[in-house]
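The structure appears below as structure tokens.
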There are 2 protein chains.
Amino acid sequence: MARTAGSSGEKTLAAIREAGLDLIHAHGYETMSLRQLAARIGLQPGSLYNHIETKQDLLFDLIHNHMVTLLASIDKALAGIEDPLEALEAFIAFHLTYHIERKREVFIGSSELRSLEPKNRRKIVALRRSYEDRLCTILKQGAARGLFKIEDVRVSAYAILAMLTGICTWYDAKGRIGQRKLIAIHTRLVLQGVMK
Amino acid sequence: MARTAGSSGEKTLAAIREAGLDLIHAHGYETMSLRQLAARIGLQPGSLYNHIETKQDLLFDLIHNHMVTLLASIDKALAGIEDPLEALEAFIAFHLTYHIERKREVFIGSSELRSLEPKNRRKIVALRRSYEDRLCTILKQGAARGLFKIEDVRVSAYAILAMLTGICTWYDAKGRIGQRKLIAIHTRLVLQGVMK
DNA sequence: CCTTTTTACGAACGTATGATCGTTTTTATA
DNA sequence: TATAAAAACGATCATACGTTCGTAAAAAGG
């Protein structure tokens, strides 16, 4: 046997990415074997290498893609907002919404950093730092205008980000808590927490 | 060669646990090989099996031990405190202090849950739930007495825990931020966030 | 229609892993 | 002091892994 009827490179790569997200999210990068992944999409293990360089490359690709999209999205969500309070609200709503919709990507992006080779990790960490900086800027401006009282901007940003990102480990879109309510709860916690 | 002079089961097991914490924290459970672990403490791989049942058992042992100690410690830290506000302050201070001192255990306890076999995981999740309940109780009592305004106790507890536990990923005891300041920042964020 | 490129197969390679086992020496017990 | 238990060695097992490669069939391009 050889090339399958109806096979297309684009489709297969998309399937690899999708299955990769799923399996890494469920079992972790190290635990996921390429044999598992190949079986999931009905392929022989070796055939994967028509579409990816290495397993490590696939992981980097998934995380990098996520980070770039994340950055573009937050900039779009914050565009045109001047008031720091409004900006903080927008940040929270965006972060939660985005993370709910991409639980797998987000989870992988933070929990599998350790599985990246140093060179790859450095690139991702730099992108993540950029994202953190968006929040830091908001906090700084809010403090400068006397709206917020913040003892340490970076620590506070880390604390807020940790809180918001935490939902990825338990939130179920079909569960008891609606998205609107989730945002309301977190917005109140954070806003009231940083207010003067 | 055979049994080494001066060898003692207790010491060796302690060394295995210590090295296990270190290696799993640094590289993850799946990535850490028993050969690595054995080499770290100057043992042949097979000799580990005089002290542990399986690799999985070692992981469970480490996490379980951590959870039991955590629960005992929080109960001690909260003992005798009646006022919910005081209790919340005590919880925050305890959680941060404990987590700073046991970054490795805490990190493993949350990030390697996925590596536990279902039966083991269920046991740990139950213990973790107990810990979460300690915070839920405080929040509930504070709300009942009109001190706190909390829309959803469990969600708020998750949010607070995520924020506090987040320090494990970045805090450096020898860094810019002192422990006292760290507690102050988080206490203010949380307390002001839940206040009426 | 013919040629090139793409995509997949299936076998295989070398390596690393968790675990087992028989043996030997040291420590503890009575 | 004699005996049992504990603890380590070193060799080995079966298995699983990421990856490579020659080959064949299907798709794409002219």
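Here is the naming used below: chain letters follow the sequence lines, and residue numbers restart at 1 for every chain.
Listed in residue order, the members of residues 36-47 of chain A having a heavy atom less than 4.0 Å from DNA chain D are A:G46. A heavy atom closer than 4.0 Å to some atom of DNA chain C occurs in no member of residues 17-34 of chain A.
When the C1' atom of D:dA7 is taken as reference, atom CG of B:L48 falls 12 Å away, rounded to whole Å. Rounded to an integer number of Å, the gap from OH of B:Y49 to P of D:dC9 is 15 Å. Rounded to a whole Å, the CD atom of A:Q56 is 15 Å from the C1' atom of D:dT19. Atom CG of B:L58 is separated from atom P of C:dA19 by 10 Å (rounded to the nearest Å). Distance CD1 (A:I16) to C1' (C:dT7): 11 Å, rounded to an integer number of Å. Across the protein-nucleic acid pair, A:I52 atom CD1 and C:dT7 atom C1' stand 14 Å apart, rounded to whole Å. Between A:L13 atom CG and C:dT6 atom P the separation is 14 Å, expressed in whole Å. Rounded to an integer number of Å, the gap from B:K55 NZ to C:dA19 C1' is 12 Å.
With respect to B:R104 and B:E18, a salt bridge is recorded, a charged nitrogen being found less than 4.0 Å from a carboxylate O. The residues B:K103 and B:D172 are annotated as not salt-bridged, no charged nitrogen and carboxylate oxygen being separated by less than 4.0 angstrom. Taking a cutoff of 4.0 Å between a charged side-chain nitrogen and a carboxylate oxygen, B:D133 and B:K140 do not qualify as a salt bridge.
Side-chain N/O atoms of A:T12 include none lying less than 4.0 angstrom from OP1 or OP2 on C:dT7. In this structure, B:H51 does not reach the D:dA6 phosphate: none of its side-chain N or O atoms is under 4.0 Å from OP1 or OP2.
The aromatic ring centres of B:H186 and A:Y158 sit 6.0 Å or more apart.
A rotation axis mapping the C1' atoms of four pairs onto the next four is fitted at both ends of the helix from C:dC1-D:dG30 to C:dA30-D:dT1 over five pairs, and the angle between these axes is 30° to 10 degrees.
At distances below 3.5 Å, at least one donor-acceptor pair connects side-chain atoms of A:Y29 with backbone N or O atoms of A:Q56. Between the B:Y171 side chain and the B:I177 main chain, a donor and an acceptor come within less than 3.5 Å of each other.
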Verdict with reasoning, A:R128 to A:E132, per salt bridge (charged side-chain N to carboxylate O under 4.0 Å, His left out): CA-CA 6 Å; A:R128 191 182 55 176; A:E132 293 163 3; 3.7 Å; yes

Full working for ring-ring contact (aromatic ring centres under 6.0 Å, His included) between A:F91 and A:Y98: CA-CA 10 Å; A:F91 184 94; A:Y98 191 93; over 10 Å; no

What side-chain donor-acceptor pairs closer than 3.5 Å can you find for residues 58-71 of chain B, not counting sequence neighbours?
unit_1, atom_1, unit_2, atom_2, d
B:D61, OD2, B:R17, NE, 2.6
B:D61, OD2, B:R17, NH2, 3.1
B:T69, OG1, B:N65, O, 2.7

Identify each donor-acceptor pair in which a side-chain atom of residues 189-196 of chain B lies under 3.5 Å from a protein atom, sequence neighbours left out, and give them as a table.
unit_1, atom_1, unit_2, atom_2, d
B:Q192, OE1, B:R188, NH2, 3.1
B:Q192, NE2, A:Q192, O, 2.8
B:Q192, NE2, A:M195, O, 2.6

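One cannot find a donor-acceptor pair under 3.5 Å joining the base of D:dA6 and the side-chain atoms of B:N50.
For B:R35, counting side-chain heavy atoms from C-beta on, the closest listed nucleotide (C:dA19, D:dA8, D:dT19) is C:dA19.
Scanning for salt bridge (charged side-chain N to carboxylate O under 4.0 Å, His left out) contacts around B:E112 gives A:R114, with sequence neighbours left out.
Judged purely by distance below 3.5 Å, without hydrogens or angles, the side chains of A:S111 and A:H25 never pair a donor atom with an acceptor atom.
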